[in-house]
Structure formats: C-alpha cells, structure tokens
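First comes the structure, then the notes that go with it.
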There are 2 protein chains.
Amino acid sequence: MGNGFDAPAGAGYSPTTFENALDDFAPMNLKELASTLGLSPTTVSRALNGYPEVNEATRARVVAAARQHHYQPNTRAIRLATGRAMAIGHVITVSTKHEIVNPIFADFIAGAGETYLRRGYDMLLTVVTDADEPRAYRELKSRGTVDGIIVHTPKAKDPRIGLLHEIGLPFVVHGRATGAAEPYSWLDVNNRRAFQRATNFLIDLGHRRIALINGLEYMDFAIRRRSGYENAHQERGLVPDPALMRSDEMTETYGHRAALELLAQPDPPTAFLVSSMIPAIGVRRAIEERGLKLGRDVSVITFDDELSYLRNGEDLPIFTATRSSVREAGRQAAAMLIDLIEDPAKEPLTRMFEAELMVGMSTGPAPARG
Amino acid sequence: MGNGFDAPAGAGYSPTTFENALDDFAPMNLKELASTLGLSPTTVSRALNGYPEVNEATRARVVAAARQHHYQPNTRAIRLATGRAMAIGHVITVSTKHEIVNPIFADFIAGAGETYLRRGYDMLLTVVTDADEPRAYRELKSRGTVDGIIVHTPKAKDPRIGLLHEIGLPFVVHGRATGAAEPYSWLDVNNRRAFQRATNFLIDLGHRRIALINGLEYMDFAIRRRSGYENAHQERGLVPDPALMRSDEMTETYGHRAALELLAQPDPPTAFLVSSMIPAIGVRRAIEERGLKLGRDVSVITFDDELSYLRNGEDLPIFTATRSSVREAGRQAAAMLIDLIEDPAKEPLTRMFEAELMVGMSTGPAPARG
DNA sequence: AATCATTCCCAAACCGCTTTGGGTGCCCCA
DNA sequence: TGGGGCACCCAAAGCGGTTTGGGAATGATT
C-alpha cells in the first residue's frame, strides 16, 4: 500500500497534486463554489441535489467542481434550512439504582448505525438517569435535535409511549410494551414462544424442576418470557414452583448467585432457563463450583442475542439457546423508523422475529432422581 | 394534575389555565417569545444567555416567560449561528474481517455521556467499516457535524492521529499510539506497568510458565501489555516462551480455544495472564473442562475494565485482576476534549490511570512440578 | 445647561443552505 | 408575426437563532 511518501526524491509535485494540496483545506461553501463556477447558489444547490430543472451538462460541471474542491454542504445549514435534523436519537438510561449499561446495547447500535450510514442519518446518543428521561424526550423534540427516536427496553405500560405520542416525535420501540393505549411501531422477538419452546424442550427431556433465571420482571421482555415458561408448564399439566424463579438485573454475578442458591435447595432444579448469555455464564460457574457437570447433571438453556463478543461457541454451540440477532434488530428498527419519518402518513409498523432454538452441549436428559 | 378539561361547566377558562393549555404545545421560537414580552429578539437572547447588558428585572421577566412557555431554543439555529456543533463524535469501526463490537464501548460511552449531558454537548455516533474511517473523519469536519472527536482503540502508529491533526479537528485518544509524530491529547491506563506487576505477582508465586492471552497485537494497548509481561520476565532473568503467547480478538471463544491449546502442550503453563474479562471467562471454561481447578492447579490474572454487566464478583473478586474503570475513563476523556474545544489555545492534555491489582480467588502458588 | 458616561435596548446583518417565484431566451405553431 | 410553452437559470426570502453597531434615556460631571 503506497502512502504517498515513497515517491523518488526530486519528483516534485504534479499540478494535480499541488491543486489537491490547496483544495484539501479550503472549507468551501456553496456561495464560493457557485462563484467559481459562474453560477448562482440556487443552481448549484439544485444541480447537486438532483433537481430536474438544471441542464445535464451544467450538472456535470457542478458535480465535477464539487468533487474537485471537496465541497461538502454544511450540515448545520442544511438542517436549519430544511427543518429536519437528519438524526435519530437513542436515549440510554442509566438507572440510579442499577448502574448497569445494557450489554446488548453496543451490538444493537452497531446494527442501527449501518442503516443510518446508508440512509444519511446521524445517530445521537443521550445518556440520562431514568428520572430525567421524560425531560430528555421533550427537549429532543422541542430543540429539534432529532427527527425520531428508538425506544430501548420497554417496561410494561411504558409511559414513554404515551409521552412520545403526545409530543409528536416519531419512534420505534425495540420490544413491546403491554398495555399501551394507542398503536405504535415496534420490533420484537417472540419472547413468549421462545421460552415456551425452550421449556417444552426441557420437559421433553424429562426435566420437571426447571429454574427460571429471568431479567427484571418489570421489563416487558422478561414478563413475556416468564409467561412462555409458565404456559409450557400448564400445557403439560405441570405447576412451576415459585421457589425456582428468580428475577434481577442480568449480570454474571446474578446468574452465579441465583444458581448457587437454587442448587443448595433440598429439591434442586435439574435445569435452568436463563434470560441472557451473561447470567448463563454465571450459572455455569456455579454449576462447576458445585462439582456438577453441565449438560449431564444440570441442563441450561439461555437466550442468545448473538453478541459479537460473546458468541455461543464456534462450530458447536456451548449452550443450547434460543437465538436472535440483536444486531439485525438494530438494522431493521432503524430502517423502520426512517421509513416512518420520511412518510409521516404511514401507519405504525411492527415486525416480529422468531428466535430459533439451537441445540448445544448444555442440555441432556434429566438425571434419574437420587 | 388538572388537564383543564374537568372544570365545572360554565366556569370558563381562567386566563392562566387557558394560556397553559395553549402553550404546552406551541413550539415557541425566539421571535414569538420576544413579541409576547414586548421586547426585541436581541434582548431576549441576551437575557437568556446571561449577557450583562440587560436589566436584571428584565432578565427575570424573560426567564420566567421562557419557562412558562416552555421555550427551548432551536438547536439547529444555534448551531448555524454560532458555527459550533455542540456535539462530540465517536467513530466506532466495525472491521470487515473482525465483526466484533468492542465490548468496553458501552461503558465508555455511558461515562462520556454523563459528561456531555452536564456540559451541554450531544454525542454523535458513527459506525463505519475501517476502510471508510478516514473519509468519515474528513466528513465530520467539513460538514461541521461535530466540534471534536474521541478516538477509540488506537493502533501503533495510528494514522488517524496525523489525519486529525491535518484536518484540524480537536480530539482525545482513549489510549495512546506509539510512534505518533506530533504531540496529542490522550488518556490511558498504564498498561505496561499493570501487566508487569501482574507478571511479577505470578512469578513471586513460583510460576515460571506464564501464558499471555493478549488482544490483537497491532492494538497499542496489547503491545504495551506484552511489553510489561516481557519486562517482568527479563527483570527476573527469565525468558518468556513464545509458545505461550497468543494474540487475537478478545472474545470468550478465543480465550477458551487458546487455553485449551496451551493446556494440551507437553509443558503447559501454570498461569495465564489475560487481557480482558471476556476471554478470561473462556479460559476458565477451558480450565474446568480439563478437570483442573482455578486458583489451585492453574492461576489466572485478567485485566478488568469494570464493565457494568461483567463485574468481577460481588464482595470477593472472582479473578485476581488489574483493574481500571473504563466508565471513568469515558467521563474524563469527554471532559478533556471539551476543555480542548473551549480553549483552542490549550496545549495537548494527557492523563494516565494506574490500574490496581486486586487479589482474588483465581491465583495461588505454582503447583509442584509433576 | 451642556457634556459625557452608563445603562438598557433594538434594528439589521449574518451563519450557509433550501426554496419560492419569477425572468430570459429559444423553439414551435397557428 | 406574435403568443404559448419549455428549458435553464437567478434574486431574494426564508430557517431561528447570535452578534454587531448603534441609539435613546438616565444620571453624573463640569
């Protein structure tokens, strides 16, 4: 790869090199570009933006000059003139109680960012404590900083949905919020079905005492997963034991602590259904600390969001898992939102992903009862 | 909370209720606010921005009215008028080869976001493939989208530093880039010292075959960590065995694979020095798969960035670890950058964090040689 | 009483684009 | 030959703030 510094000494600058060297630093604006071309700013603007009322020959000249001078229209001016922010907001809440940053966030963002890049939008991140969230949304709207918002990790009856409707800011929810009054756009995984299938799978393997290591159960996804877990039991005429259910923020140490406690019970679970790879790792640690073997003595199924830094094994999955790519969710949620923004007349959009059940090495038949 | 609609019939609207009901949704602008007050936009602007040439009584009136009408100045207009973006860019690269999103990213962002919120800046994220990175920086500058940039995960001789100097965009590097020509602002952990101390700690425990599970060694931090590891050996007259060193993207499966391979060697390591919690988890998995006991048969020290979703245990650390908060790094890097932006005359700022060595349950004396 | 600062406020220019509402030249057709 | 219709282009008015450069009171000074 040439870097431009290994040219033979004495070669000097070629004219174009010289020109480039100059142009590289002239932050040229529309007016200047227009006067260079002997055209009006109007025409240059139209030529560049593909309006039909400009001669194709002229357009070609303009485009060439723009490229040559590295003309880039000033974003700030475009935004003021068009009244559009060309930006999408992501509000990430850092709860005062729970200082955790959602670990799926980075991958979701990466997916969304791909879409934004392709469609010419900027991505704006706002970090707020949960108490400040409503104010943050209102400001985003009234200051005109963004054209729309992605709502992360909705809770049941999430107040943000009503709020965003009220202030009239387009939005797409990553997840759903049971009990919202009005229709709204969302994109979600079928959490209930995923956990129902996973539970059935364990029941089929003979497990009867299945622990649920869930996320915080005011989160909508956790409620649905729990309901899937309970449904599967009911269908088989089983009654899940409340003593086998845990709910907390999904950290590694939570999974570890919960599993240790559960395994220490008189009638311990033979299987665990876990809401994320991260607590699942903690569950595995607990199982191994107890001298048990994963997949033989104890089975584990986890939800796998396909986090890029936490792949579920390479060829063979480590965990049997219900799997759905959060990055793909990011890509599509962003696209939905932009569609909504660019056509305000559109009805709310919804998209449901199905999670696939990948059978890995962490599940096996229930051990014979000791 | 009265909504203005439940007043008794015939009571009519009180003036204030009426006003409020209207004002709540009128996205009022400066001109309107000014005319409401019987003042000029100039005066209102000055009053709100704390200029001295406005009567304190007038200022109070203006401030009260602004609050009452929920006036929020339009960000787009401010940006155009002042020529400042009031936004900081974070460019996150998604390598074409390595599809991984840096797992420390979310926590760093959370920290930086706190600072931005406090100081009135927006955070702009751009996701690009590594090939597009230079173009992304140039555009950010020439379109005026941001006032400065945080550079993430620098490589040795990172070309971005020269580029940013060239295009004149203020920046702070999270990490350092050995071999940069000019001085620049950075904030980093003392990676070399951290790994030197960790290695010494293991040597003191009698370990002689210490494996290094490093990140990609074109990353600056990985180079420094390796050099700390090597220095410690040299100081003690030891020669580290190249067969014990691994370098790759820091995923869980990488840690697992590397550890399995190393443990299968004829003269396997008795200790592992790992570059992040995530591969360390993989290392632990490998150790347990081999039927070995962590902290007794094999020791592990890891670098712990204090990721919020991957805490190193609760009271007692799981891993012995060199620890430094990436969230705090985010907070401070953001503050440094804003200082730089607001005072362009400032010399480059640098800040070095020391990582503390936390002794946990994953290290112990080297086992007697079999 | 005339002069000079101060204090407080305003009109208008400006930031860099988009967009409205023409205007000019040319060709075509009756 | 004159009017209508295109095809191209431009001047000027926004967008919603900030900022420059006064100007009118008021009070202090000589």
Side-chain angles (χ1 to χ4, degrees), chain A residues 26-63 65-66 69-87 120 122 139-147, chain B residues 26-63 65-66 69-87 120 122 139 141-147 342:
Chain A
M28 183 167 257
N29 63 23
L30 185 67
K31 209 196 294 179
E32 290 161 12
L33 181 62
S35 80
T36 320
L37 281 160
L39 288 170
S40 76
T42 308
T43 303
V44 175
S45 169
R46 287 190 163 144
L48 258 19
N49 292 318
Y51 281 70
E53 55 268 70
V54 37
N55 190 315
E56 278 311 321
T58 311
R59 188 194 306 282
R61 265 178 69 216
V62 171
V63 168
H69 296 95
H70 296 114
Y71 168 69
Q72 303 269 104
N74 183 302
T75 315
R76 296 190 288 258
I78 293 183
R79 286 179 174 160
L80 181 57
T82 61
R84 301 190 42 197
M86 293 309 287
D122 282 335
E139 277 203 27
L140 251 19
K141 166 69 179 187
S142 57
R143 310 185 78 117
T145 326
V146 301
D147 296 318
Chain B
M28 181 167 259
N29 63 23
L30 185 66
K31 210 194 294 179
E32 290 161 11
L33 181 61
S35 80
T36 319
L37 281 160
L39 288 170
S40 76
T42 310
T43 303
V44 176
S45 170
R46 287 188 164 145
L48 257 19
N49 292 318
Y51 282 70
E53 55 269 68
V54 38
N55 191 314
E56 279 309 322
T58 311
R59 188 195 307 281
R61 263 179 68 217
V62 171
V63 168
H69 295 95
H70 297 115
Y71 169 69
Q72 302 270 107
N74 183 303
T75 315
R76 296 189 290 259
I78 293 182
R79 286 179 174 159
L80 181 57
T82 61
R84 300 190 42 197
M86 293 309 287
D122 282 335
E139 278 204 27
K141 168 69 180 186
S142 57
R143 310 185 80 117
T145 326
V146 301
D147 296 318
E342 296 185 345

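This structure is a prediction, so every number in the text was calculated from the model and none was measured.
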Write down the atom of [X], the atom of [Y], and the distance for their closest heavy-atom approach.
X      : Y     : answer
B:S40  : B:A34 : C-CB, 3.7 Å
B:L48  : B:Y71 : CD2-CE2, 3.7 Å
B:G144 : B:A85 : O-CB, 3.6 Å

Have A:S45 and A:T42 got a donor and an acceptor in their side chains that come within less than 3.5 Å? no
Atom-to-atom span, [atom1] of [X] to [atom2] of [N] - whole angstrom:
X     : N      : atom1 : atom2 : answer
B:R84 : D:dG17 : CZ    : P     : 18 Å
B:L30 : C:dC15 : CG    : C1'   : 15 Å
A:M28 : C:dC17 : CE    : P     : 11 Å
A:L39 : D:dA11 : CG    : C1'   : 14 Å
A:L37 : D:dC8  : CG    : C1'   : 15 Å
B:N49 : D:dT19 : CG    : P     : 8 Å
B:E53 : D:dT19 : CD    : P     : 11 Å

Selection: residues 72-83 of chain A, any non-hydrogen atom under 4.0 Å of DNA chain D: A:L80, A:A81
N/O (side chain, [X]) to phosphate O (OP1/OP2, [N]) under 4.0 Å:
X     : N      : result
A:T43 : D:dC10 : yes
A:Y51 : C:dT19 : yes
A:N55 : D:dA7  : no

Any idea which of [options] is nearest the [X] side chain?
X     : options               : value
B:R46 : C:dA12, D:dC8, C:dC9  : C:dC9
B:T42 : C:dA11, C:dC9, D:dA12 : C:dA11
B:S45 : D:dC10, C:dC9, D:dT18 : D:dT18

Is the closest basic N to carboxylate O distance between B:K141 and B:D147 below 4.0 Å? no
I'd like to know if A:D122 and A:R79 make a salt bridge, using a cut-off of under 4.0 Å between side-chain N and carboxylate O. yes
Any side-chain heavy-atom pair of B:R61 and B:L37 under 4.5 Å: yes
Per the 3.5 Å Watson-Crick/G-U criterion and a run length of at least three, the stems involving DNA chain C are C:1-30 with D:1-30
